[in-house]
There are 2 protein chains.
Amino acid sequence: MSRAKRNTNRPARPDIHAVARLARVSIATVSRTINHVATVDPRLAQRVWKAIDTLGYSPNTQARALVSGRSHLLGLIISEITNPFFPELIQGFEDAAVENGYEILISSTNYDPQRMELCIQRMLERKVDGVAVMTFGIEGPLLERLAQRDIPLVFVDVAPKGPLFSTIEVDYYHGIREAVQHLAVLGHRRIGFISGPLHLHSARERQSAFLRAMGEAGLKLTPAWLLEGTHTLEGGIAMMQRLLDSGEAPTAIMTSNDMTAIGVLHSLHKAGARVPDDFSVIGFDDVTIAQFTLPPLTSVQMSRLELARCAVLALRDRLEPQPVSYVPRYKVQTRLTVRQSAGLPATRPFRRANG
Amino acid sequence: MSRAKRNTNRPARPDIHAVARLARVSIATVSRTINHVATVDPRLAQRVWKAIDTLGYSPNTQARALVSGRSHLLGLIISEITNPFFPELIQGFEDAAVENGYEILISSTNYDPQRMELCIQRMLERKVDGVAVMTFGIEGPLLERLAQRDIPLVFVDVAPKGPLFSTIEVDYYHGIREAVQHLAVLGHRRIGFISGPLHLHSARERQSAFLRAMGEAGLKLTPAWLLEGTHTLEGGIAMMQRLLDSGEAPTAIMTSNDMTAIGVLHSLHKAGARVPDDFSVIGFDDVTIAQFTLPPLTSVQMSRLELARCAVLALRDRLEPQPVSYVPRYKVQTRLTVRQSAGLPATRPFRRANG
DNA sequence: GTTTGCTGCGCAAACGTTTCCCATATGCTG
DNA sequence: CAGCATATGGGAAACGTTTGCGCAGCAAAC
């Protein structure tokens, strides 16, 4: 009486044997049917599927993983989930993963390399099939150690060598060029740029894309208007302050990410300047909250959904043999999203309201 | 040559047998040592731990889960990850889970009850040990069906009956009372409230907390100033518009969540009103972006970290036998976070700038 | 010196799959 | 019609753990 099984009042979750019994086949056939092995007789397969349906059977993932060595679990490592950049990325990653029959494990590093190692550790213990490292600031030595693990990894921007690694390239230039052109068409000639921390690969890429776009538009950059920010609100506030304090300010400011742009908005608000009447501002990333700022922020969009989809794809390509004809190329575009923070240049230079 | 094992150049991940061999004990003893079974001789245990250390062994989670029936996986179901309310919740949940030796599986329902069922389905297939349902709008019939599953569940606000269910209560009143008092002290007598969709339990709770707090502060509510919003930016914009259009508007507006409050800010900005000079605004939730609005939003904070911690605790209490003396009580507080969107009431009624 | 009781270790049976290998049935060729 | 190649299903061995059960070994009691 004490042991289970006796309790037939609550039907136990059926296992593969129950299905086999009902379909009058062996468990091997059931397994083959489920895994769509081609050699199984269609009539038997139909019997099996019917049995599966009537019993409401679903295979035990643990057992499956144990014997096959494939967990169908994908790891996703991000910097910081409260950074508005990442939720959309996660969303896309989840969708794409589930679409491909995978489940995901998320971890955030909070920009701490040590925590990153712990994350990878935990994921390896859970036997993930592959990991997407979507934190943008990844350092050399850590990358080296990651290379030891014999597990597929995918990165953004950085391209470590190794047969198990993939890289997703971002075409920063396309969208940034659109933004510069947009400002140029509106009549701006004096454009400033607040970059991210330049030790980050992605920040350098964005800045050089900006410089190139300026050149192509025939605009000359004033060196004093090229400042290094921190990809944070505070950095944006501080750098805009500096621009205002210097005698001559640009009429338009582009930034390396949206948080910086929001900082710029704050700085300008405090100084009594109006956007876009006195200054035009264009951000980068087009995070969700860019729609909610005052005024709604014009920003260069980098599609997180696309990025996530690429990441899942890259991992899948490593995990499931693809036809030789298939030559993957993981690249995501950037595009300008026009809202209301950029307009015609002010006809007369802004004078700070005396306070 | 073809099969693995031969490749001793890359050391295979050691299993429990390797540890047993090195420590000169049986695998049973290794297992017992790892699981801190009391009956194992300390000297043997030490040998085992040493062997584990030198080999860098970590047990295979799949095999463990298969035989023990416990996956040490916790499910977390949320409404929508791009809603700024949830990332912090996830962060807290992850931290608390890892702290207790669990890993987490996240899914978002996008407010679709059908998708919610799929989420639960997927999680059951992964054999999660318990699920936290942190979506605020959960409906009756769905709840019924959830009750069928014999797996611990934890909810917010709603309290389904069942031996496997837990509920986390939120003390909405505390923080909302603080907000009303704050306004009252500043001198506001005319306070409006934009609620959430009233079919949501949590929205009703917040509204009634507001009404009670108004009563206790000796303030009379003008019925026309009690409006039903949608917990979205658009709802906030529309309802604030209505308040402005009606002849007489309140001097302060409280809302049922921060998105609504941000909508109010937009509406006021468009009408040319200044915050807090012309109107005071107080939100609810204190999401991260409340710090970034113009002006930074005063808001009633409900700690997502605390909420998440409670959820993990509630699940753990169901999963691991607790001493009888332990009587759990899952309750989270709310508190006012003062920023800059509430100030003294305007001395003269706001007149919309003619446009 | 024999019995009893207890402690703590090892043996081996699960857990629910996948997959290798072999047996059988079937079709085809000569 | 015999013989062989080929398709297809079943038996059973893995996968790496946990855990029930039995059995040594030892101390205490008679």
Side-chain angles (χ1 to χ4, degrees), chain A residues 2-5 12-49 51-52 55-73 101 124-127 129 320, chain B residues 2-5 12-49 51-52 55-73 101 124-127 129 320:
Chain A
S2 61
R3 302 291 288 142
K5 286 282 169 179
R13 204 163 288 284
D15 69 352
I16 201 173
H17 291 96
V19 177
R21 222 174 303 132
L22 185 59
R24 285 162 300 144
V25 294
S26 75
I27 61 164
T29 302
V30 176
S31 173
R32 280 191 276 256
T33 305
I34 292 174
N35 295 303
H36 299 103
V37 173
T39 66
V40 48
D41 188 308
R43 290 178 315 178
L44 280 200
Q46 200 179 340
R47 283 225 305 273
V48 170
W49 284 121
I52 287 175
L55 290 176
Y57 164 79
S58 71
N60 180 316
T61 348
Q62 331 263 25
R64 227 177 224 244
L66 179 58
V67 54
S68 72
R70 303 271 321 272
S71 66
H72 277 255
L73 234 43
L124 286 179
E125 281 180 15
R126 285 284 167 181
K127 295 270 182 303
D129 290 342
E320 294 164 20
Chain B
S2 60
R3 301 292 288 144
K5 285 282 170 181
R13 205 163 287 282
D15 69 353
I16 201 173
H17 292 95
V19 177
R21 221 173 304 130
L22 185 59
R24 283 163 299 143
V25 294
S26 74
I27 62 163
T29 302
V30 176
S31 173
R32 281 191 273 257
T33 305
I34 293 174
N35 295 302
H36 299 103
V37 173
T39 66
V40 47
D41 187 309
R43 290 179 313 179
L44 282 199
Q46 201 180 338
R47 282 224 306 272
V48 171
W49 284 121
I52 288 176
L55 291 176
Y57 164 79
S58 70
N60 180 316
T61 347
Q62 330 263 25
R64 227 175 222 243
L66 179 57
V67 53
S68 73
R70 303 270 321 271
S71 65
H72 278 256
L73 233 43
L124 286 179
E125 281 180 14
R126 286 283 168 181
K127 295 270 180 304
D129 289 342
E320 295 163 20

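Throughout, a chain's letter reflects where its sequence line sits, starting with A, and its residues are numbered from 1.
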Let's see if you can work this out: which of [options] has an atom nearest to the side-chain heavy atoms of [X]?
{"X": "A63(A)", "options": "dG16(C), dG16(D), dG9(D)", "result": "dG16(C)"}
{"X": "H17(B)", "options": "dG16(D), dT17(D), dG10(C)", "result": "dT17(D)"}
{"X": "V67(A)", "options": "dG16(D), dA14(D), dT19(C)", "result": "dA14(D)"}

[X] side chain N/O closer than 4.0 Å to the phosphate oxygens (OP1, OP2) of [N]?
{"X": "S31(B)", "N": "dT18(D)", "answer": "yes"}
{"X": "S26(A)", "N": "dG10(D)", "answer": "yes"}
{"X": "N35(B)", "N": "dT18(D)", "answer": "yes"}
{"X": "T29(A)", "N": "dG9(D)", "answer": "no"}

Q: Please name the pair of heavy atoms, one in I27(B) and one in I16(B), separated by the smallest distance, quoted to 0.1 Å.
A: O-CD1, 3.7 Å

May I have the distance from [X] (atom [atom1]) to [N] (atom [atom2]), rounded to whole angstrom?
{"X": "N60(B)", "N": "dT17(D)", "atom1": "CG", "atom2": "C1'", "value": "8 Å"}
{"X": "I27(A)", "N": "dC15(C)", "atom1": "CD1", "atom2": "C1'", "value": "13 Å"}
{"X": "R47(B)", "N": "dG8(C)", "atom1": "CZ", "atom2": "P", "value": "15 Å"}
{"X": "H72(A)", "N": "dT18(C)", "atom1": "NE2", "atom2": "P", "value": "10 Å"}
{"X": "R64(A)", "N": "dG16(C)", "atom1": "CZ", "atom2": "C1'", "value": "11 Å"}
{"X": "I16(B)", "N": "dT19(D)", "atom1": "CD1", "atom2": "P", "value": "11 Å"}
{"X": "R13(A)", "N": "dT17(C)", "atom1": "CZ", "atom2": "P", "value": "11 Å"}
{"X": "Q62(A)", "N": "dT17(D)", "atom1": "CD", "atom2": "C1'", "value": "12 Å"}

Q) What is the nucleic acid contact for L44(B), judged by heavy atoms within less than 4.0 Å: base, sugar-phosphate only, or nothing? A) sugar-phosphate

Q: Name the residue closer to the 5' end of DNA chain D, choosing between R32(B) and S58(B) according to the nucleotide with the nearest heavy atom.
A: S58(B)

Test item: [X] and [Y] side chains (from C-beta on) under 4.5 Å apart, heavy atoms:
{"X": "R126(A)", "Y": "S71(A)", "answer": "no"}
{"X": "T33(A)", "Y": "V25(A)", "answer": "no"}
{"X": "L55(B)", "Y": "R21(B)", "answer": "no"}

**Q.** Which residues share a salt bridge (charged side-chain N to carboxylate O under 4.0 Å, His left out) with D15(A), sequence neighbours left out
**A.** none

